[in-house]
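Below: the structure, in structure tokens.
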Number of protein chains: 2
Amino acid sequence: MLSQKAKYALKAMIALATQEEGNLLQAADIAERQNVPRKFLELILLDLRKHGLVRSQRGKFGGYALAKPADAITFGQIIRIMDGPLAPIPCASLTGYRRCADCRDEKSCAVRRTMREVRDAAAAILDGTTIADALGAGAHEARAALGA
Amino acid sequence: MLSQKAKYALKAMIALATQEEGNLLQAADIAERQNVPRKFLELILLDLRKHGLVRSQRGKFGGYALAKPADAITFGQIIRIMDGPLAPIPCASLTGYRRCADCRDEKSCAVRRTMREVRDAAAAILDGTTIADALGAGAHEARAALGA
DNA sequence: TTTTTGTCGATCAAATTAGTAGTGTTTTAG
DNA sequence: CTAAAACACTACTAATTTGATCGACAAAAA
């Protein structure tokens, strides 16, 4: 399950992407626009900043902006920051591998094998969808239809 | 994330599938074989029985068996019983749809759209992988390679 | 009728989630 | 210089979920 935190983060990043280059958006604005608790959103934006996806400016007329072009930021990056690995189970994760305590033989484990398939499919979509894709409704479908 | 419960359920079903037709396997046996807490496993098996995936017999020499052929039971069915919908977010679920409280326009929501893609991809794998597939190591890959 | 096994309800500790509150620290306007 | 506005950071908390465990009960077979 995607946490609220990750969902809010995605929505915030999309909101930031609507701004033109260099224009800052304040946490309170994003919170109101996206219907998200303001203080909670601040924590999220802080986290995104620490991971280099967002830059911030303090003081009056401060705010946030994307730290990189919208087409260089993927859903996968954001979700991994907020919720951790995409894999349904740690033993099937690339970025956060951990052995199952109860697993006798990992090589032959069908659960792991299938969860790896699920992870790969999810990663293909999430690492292949950028904030820029999210901006135009239908943009990603168009891309997908073209086989891009 | 797949819960421990769902993981144990999958492992238990796979263990049951190794038995020949009509042969019962006891909870304690499965627990030991699969390295799963016995009492916890009993709850899981009970739940699987109530959902018609497993049948049970009480008393001495009792135990559990699959209620259907192994190739008629999918990972998706088992996971939905244990953990609920496959979708990362309720608004992208087919089996457990719920609106996001904070969503202004669901039609144009890119988060939802992308999570639906993830759901569809996961469902395709999990509803397409049966307990029978899980039995032979590599069996599913072979199937997949053939485009089946 | 005793033993073995599934059934079922209650309970529980730890972790996670989804926040809230409050204080500090910059920045800018005036 | 100072007040206001904004981000930064720490701490706390309430509710829920997770991952179990315990014990009494019911059935089936030897």
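Chain identifiers are assigned alphabetically (A, B, ...) following the order of the sequence lines, protein sequences preceding nucleic acid strands; residue numbering begins at 1 within each chain.
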What distance do [X] atom [atom1] and [Y] atom [atom2] have between them, rounded to the nearest 0.5 Å?
{"X": "B:I131", "Y": "B:T18", "atom1": "CD1", "atom2": "OG1", "value": "11.0 Å"}
{"X": "A:C91", "Y": "A:M115", "atom1": "SG", "atom2": "CE", "value": "9.0 Å"}
{"X": "B:L45", "Y": "B:Q26", "atom1": "CG", "atom2": "CD", "value": "12.0 Å"}

**Q.** Joint cluster assignment, A:V111 & B:L135, ILVMFWY side-chain distance < 4.5 Å
**A.** yes
(Q) When you group the ILVMFWY residues by side-chain heavy-atom contacts below 4.5 Å and let the links chain together, are A:I81 and A:L10 in the same group? (A) yes
Heavy-atom check, side chain of [X] versus side chain of [Y], under 4.5 Å:
{"X": "A:P88", "Y": "B:M1", "answer": "no"}
{"X": "A:D47", "Y": "A:L43", "answer": "no"}
{"X": "B:K50", "Y": "B:L46", "answer": "yes"}
{"X": "A:I89", "Y": "A:R112", "answer": "no"}

Q.
Need two values: the first and the last nucleotide of DNA chain D, 5' to 3', having an atom under 4.0 Å from any heavy-atom of chain A.
A. D:dA5 to D:dT10
Q: Begin with the C-alpha distance, continue with both residues' side-chain angles, and end with the deciding distance and a verdict on side chain to side chain contact (heavy atoms under 4.5 Å, CB included) for B:V118 and A:L86.
A: CA-CA 11 Å; B:V118 172; A:L86 301 181; over 6 Å; no
Q: Output every pair passing ring-ring contact (aromatic ring centres under 6.0 Å, His included) with a member in residues 5-59 of chain B, not counting sequence neighbours, ordered by first then second residue.
A: B:Y8-B:F40
Q.
Give the residues of residues 80-101 of chain B touching DNA chain C, defined as any heavy atom closer than 4.0 Å, sorted by residue number.
A. none
Q.
What residues from residues 4-18 of chain A pass a heavy-atom cutoff of under 4.0 Å to DNA chain C?
A. A:Q4, A:Y8
Would you name the heavy atoms of [X] and [Y] that are closest together and state the gap between them?
{"X": "A:G128", "Y": "A:D133", "value": "O-OD2, 3.5 Å"}
{"X": "A:D83", "Y": "A:S3", "value": "OD1-OG, 2.5 Å"}
{"X": "B:L41", "Y": "B:A27", "value": "CD2-O, 3.5 Å"}

Q: Begin from the C-alpha positions of A:R38 and A:E42 and carry the test salt bridge (Lys or Arg N to Asp or Glu O under 4.0 Å) through to its verdict.
A: CA-CA 6 Å; A:R38 191 186 110 252; A:E42 283 185 9; 3.4 Å; yes
Output a table of nitrogen or oxygen pairs between the protein and nucleotides 8-11 of chain C separated by less than 3.5 Å.
{"residue": "C:dC8", "atom": "OP2", "partner": "B:R49", "partner atom": "NH2", "Å": "3.4"}

Q. Quick one, which residues of residues 59-66 of chain B touch DNA chain D with a heavy atom under 4.0 Å?
A. B:G59, B:K60, B:F61
Q: List in numerical order all residues of residues 19-29 of chain A for which some heavy atom is under 4.0 Å away from an atom belonging to DNA chain D.
A: A:Q26, A:A27
Counting only pairs under 3.5 Å, give me each side-chain donor-acceptor contact of residues 54-75 of chain A, with atom names and distances, residues two or more places apart or in other chains.
{"residue": "A:T74", "atom": "OG1", "partner": "A:G76", "partner atom": "N", "Å": "3.4"}
{"residue": "A:T74", "atom": "OG1", "partner": "A:Q77", "partner atom": "N", "Å": "3.1"}
{"residue": "A:T74", "atom": "OG1", "partner": "A:Q77", "partner atom": "NE2", "Å": "3.4"}

Q. Between C:dT25 atom P and A:Q57 atom CD, what is the distance in whole Å?
A. 19 Å
Q) Rounded to whole angstroms, how far apart are CD1 on B:I30 and P on C:dT5? A) 13 Å
**Q.** Chi angles and distances behind the side chain to side chain contact (heavy atoms under 4.5 Å, CB included) call for B:L25, B:R33
**A.** CA-CA 11 Å; B:L25 211 48; B:R33 278 216 237 175; 3.2 Å; yes
Q) Considering residues at least two apart in sequence or located in another chain, which fulfil the salt bridge (charged side-chain N to carboxylate O under 4.0 Å, His left out) criterion with B:R80? A) B:D127
Q: With sequence neighbours excluded, tell me which residues meet salt bridge (charged side-chain N to carboxylate O under 4.0 Å, His left out) with B:R116.
A: none
For nucleotides 12-15 of chain C, tabulate all protein N/O to nucleotide N/O atom pairs closer than 3.5 Å, reporting atom names and distance.
none

Q.
Going by side-chain hydrogen bond (donor to acceptor under 3.5 Å, both in side chains), name the pairs with one or both residues in residues 87-102 of chain A, residues two or more places apart or in two chains.
A. A:Y97-A:E106, A:D102-B:K7, A:D102-B:K11
